[in-house]
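Read the numbers this way: they start at 1 and go in the same order the structure lists the ligands and their atoms. Nothing here was measured: the structure is a model prediction, and the numbers come from that model.
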Amino acid sequence: MSRTPSRRTVLRGLTVTGAAVTGFDPAARSWAATTPESGTETAALTRIPRLDGTLVTDESSLTAAAEDYGHIVHRRPSAVLRPGSVRDVVTMVRFCNDHCLPVAPRGQGHAPYGQAQVEGGLVIETATLADIGPVDPDSTTVTVGAGARWSEVAKATLAHGLTPPVFTDYLELSVGGTLSVGGLGGQAQRHGAQVDNVTELRVVTGAGEPVRCSPSRRPDLFHAVLAGLGQCAVIVEATLRLVPAPETVRHYQLTYGDLATFLDDQRTLVLEGRFDYVEGQVHTDAAGAFRVYSLEAVAYGPPAGPAPDDTALLRGLRHDPSTVQYTDLPYFDFLDRLAPVIAAMKDAGIWTYAHPWLNLMLPGPSAASLAAPLLDALTPADLGAGGVILFYPLLREHLTTPLLRTSDEDVSYLFDILSAAAPGDTAGIDRILSANRAAYDTVAAAGGTHYPVGSIPFTPDDWHTHFGPAWPAFAAAKRTYDPAGILVPGQGIF
Ligand SMILES: Cc1cc2nc3c(=O)[nH]c(=O)nc-3n(C[C@H](O)[C@H](O)[C@H](O)COP(=O)(O)OP(=O)(O)OC[C@H]3O[C@@H](n4cnc5c(N)ncnc54)[C@H](O)[C@@H]3O)c2cc1C
């Protein structure tokens, strides 16, 4: 058989692997490739402009893009772009806009419910856009590629004694991925979410237009992208605010036997701004009931804060005094504290379990009464292997990004039941998804909402309700910047 490298063959989905995609058949809505083995010349192919990176349709790339951390939803794209440049993102989003092909950027694929998946469309893997620019000591900012992971950003900025002010608990998430949802952690009670600490974005709109936006430059786009769930533009670069980093931190764990007291002490701590970081978890007691509450608080040492004074920091708190634990840690080790836990979960084979997560924002005054029945009904088997319950306060005054929704109260609590289930247990997973929905309905009726990083079955009407007063500007931005409605259908918003 002769080799005809210049010819093109239409790939009906997946039949040829490892080939660079060079064309698109609009009638069949399938991609075409030039392959060394080649097939027959076909008519009516639209040529794809030359790319710096690669566009692939091989089996393993498409299968991987139809997976995520949840292992519940599977939507198979028709191609995956690994951009070699921002220009590639512009080229391919423009192309998909022209052909009404749906598109989803994918950072680290840690969304649990198909949010970064796209049936029959294009997934843009942002991991190749991971440059971390020089730290600017004058403006104390750094500009990073959307595919950079927060662990890499932390290491690069710490080399200059600086740090982003807020981190997620897990550092191996992409900057673009967390800025699309909000980015919360124990420092958010002091500095707001990660989205509240962005000074400028470089994005590619759904129409394929490259744009720089900030609070003063195209603010409608800036505010529609931060916590905007990928609906209006692909983030390709973000400029992040930096603050002085501590060298070490003191990490306290305080145990409570009463939910209302635990929440009240957390509230006191964040209103006073006593600690740099406040979170909390709920654990089981000896009888297997979720009735043990662990407050986690961290004080930064020099040069970001004074040497920690235990007496002053713990003054007036109502924890069980016999349970106080504290550890002094290098700052990066504190940020990266989940790394050994996650390595152990991977070794134990439970990292790849299904994750039907519930992430709620509870109004402060009713947080205890809303959470108590959910905790009473929960069993260790429901939470599953490696499951975790997080519970910590956020201050409305620091959460300024319009699309990151909380309750209207001054203090809201993030309440996460992070369940894990064996992937084959579809009945169990369906039961948890129904319970998630019921819990959301109760919380929404009480003035709360959800933090959209979980697995709650949601309709477009639910999203309208969720965004509340922010909806008209968000919907207008969607019409302006993604007129063909191609971006991120996996969120199910528009
Ligand atoms: C183990 C674990 C721990 C976590 N801890 C926290 C935590 O402490 N705090 C917290 O706030 N969240 C936490 N999360 C949730 C996490 O922040 C979100 O799921 C986040 O979106 C995941 O980032 P990613 O890079 O994996 O994004 P992906 O899952 O790849 O994408 C998530 C969504 O964002 C969109 N998106 C991705 N990149 C871009 C981009 N460049 N431009 C526009 N849209 C984009 C995708 O299309 C998709 O809709 C955690 C998740 C896991 C699995």
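Atoms of ligand 1 lying under 4.0 Å from any heavy atom of Thr178, numbered from 1 in the order shown and given with element: 17 (O). Taking every non-hydrogen atom of Ala233 and a distance limit under 4.0 Å, the qualifying atoms of ligand 1 come out as 43 (C). In summary, the atoms of ligand 1 found under 4.0 Å from a heavy atom of Gly183, numbered by their order in the structure, are 11 (O). Near Ala146, the atoms of ligand 1 lying under 4.0 angstrom from a non-hydrogen atom of the residue are 41 (N). Near Asp169, with a cut-off below 4.0 Å to any heavy atom, the atoms of ligand 1 are 7 (C), 8 (O). Numbered from 1 in the order shown, with element, the atoms of ligand 1 that lie under 4.0 Å from a heavy atom of Gly230 read 43 (C), 44 (N).
Of the protein's heavy atoms, Leu173 CD1, 3.8 Å lies nearest to atom 50 (C) of ligand 1. With respect to atom 32 (C) of ligand 1, the closest heavy atom belonging to the protein is Ala111 CB, 4.0 Å. What sits closest to atom 47 (O) of ligand 1 on the protein, heavy atoms only, is Pro105 O, 2.6 Å. The shortest contact between atom 30 (O) of ligand 1 and any protein heavy atom is with Gly107 N, 2.7 Å.
When only interatomic distances are considered, the shortest N/O to N/O separation between Thr168 and ligand 1 does not fall below 3.5 Å. Taking any N or O of Val181, backbone or side chain, none lies under 3.5 Å from an N or O belonging to ligand 1. Here's the thing with Ser174: one of its N/O atoms is less than 3.5 angstrom from an N/O atom of ligand 1. Ligand 1 has no N or O atom lying under 3.5 Å from any N or O atom of Trp357, backbone or side chain. Considering backbone and side-chain atoms together, Leu184 places an N or O closer than 3.5 Å to an N or O of ligand 1. No N or O atom of Arg106 sits closer than 3.5 Å to an N or O atom of ligand 1. Geometrically, ligand 1 and Tyr69 share no nitrogen or oxygen pair separated by less than 3.5 Å. Ligand 1 has no nitrogen or oxygen under 3.5 angstrom from a nitrogen or oxygen of Val488. Checked against a 3.5 angstrom limit, the closest N/O atoms of Gly177 and ligand 1 fall inside it. Backbone and side-chain nitrogen or oxygen atoms of Thr126 are examined, and none is located within less than 3.5 angstrom of a nitrogen or oxygen of ligand 1.
Of the N and O atoms on the side chains of Thr168 and Trp150, not one donor lies less than 3.5 Å from an acceptor on the other residue.
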Expected list for residues 180-188: side-chain donor-acceptor pairs under 3.5 angstrom, two or more places apart:
| unit_1 | atom_1 | unit_2 | atom_2 | d |
| --- | --- | --- | --- | --- |
| Ser180 | OG | Gly176 | O | 2.6 |
| Gln187 | OE1 | Phe167 | N | 3.3 |
| Gln187 | NE2 | Tyr300 | OH | 3.2 |

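Rounding to the nearest 0.5 angstrom, the gap separating the CZ atom in Arg267 from the CZ atom in Phe262 is 14.5 Å. In this structure, CZ in Phe391 is found 12.5 Å from CD in Gln281, a value given to the nearest 0.5 Å.
Residue contacts with ligand 1 for Ile235 involve both N, CA, C or O and side-chain atoms from C-beta outward (heavy atoms, distance under 4.0 Å). With a heavy-atom cut-off of 4.0 Å, Gln491 touches ligand 1 through its side chain alone. With a 4.0 Å cut-off on non-hydrogen atoms, Trp351 touches ligand 1 through its side chain and not its backbone.
Note on ring orientation: taking the six-membered ring where Trp is involved, the planes of His110 and Trp351 are tilted (angle from 30° to 60°).
Stacking of Arg337 on the aromatic ring of Phe334 is recorded, both the 6.0 Å distance cut-off and the 45° axial limit being met.
Closest to atom 36 (N) of ligand 1 by heavy atom, among Ser180, Pro489, Gly182, is Ser180. Counting only non-hydrogen atoms, the option in Tyr451, Trp150, Tyr170, Phe167 that gets closest to atom 12 (N) of ligand 1 is Tyr451.
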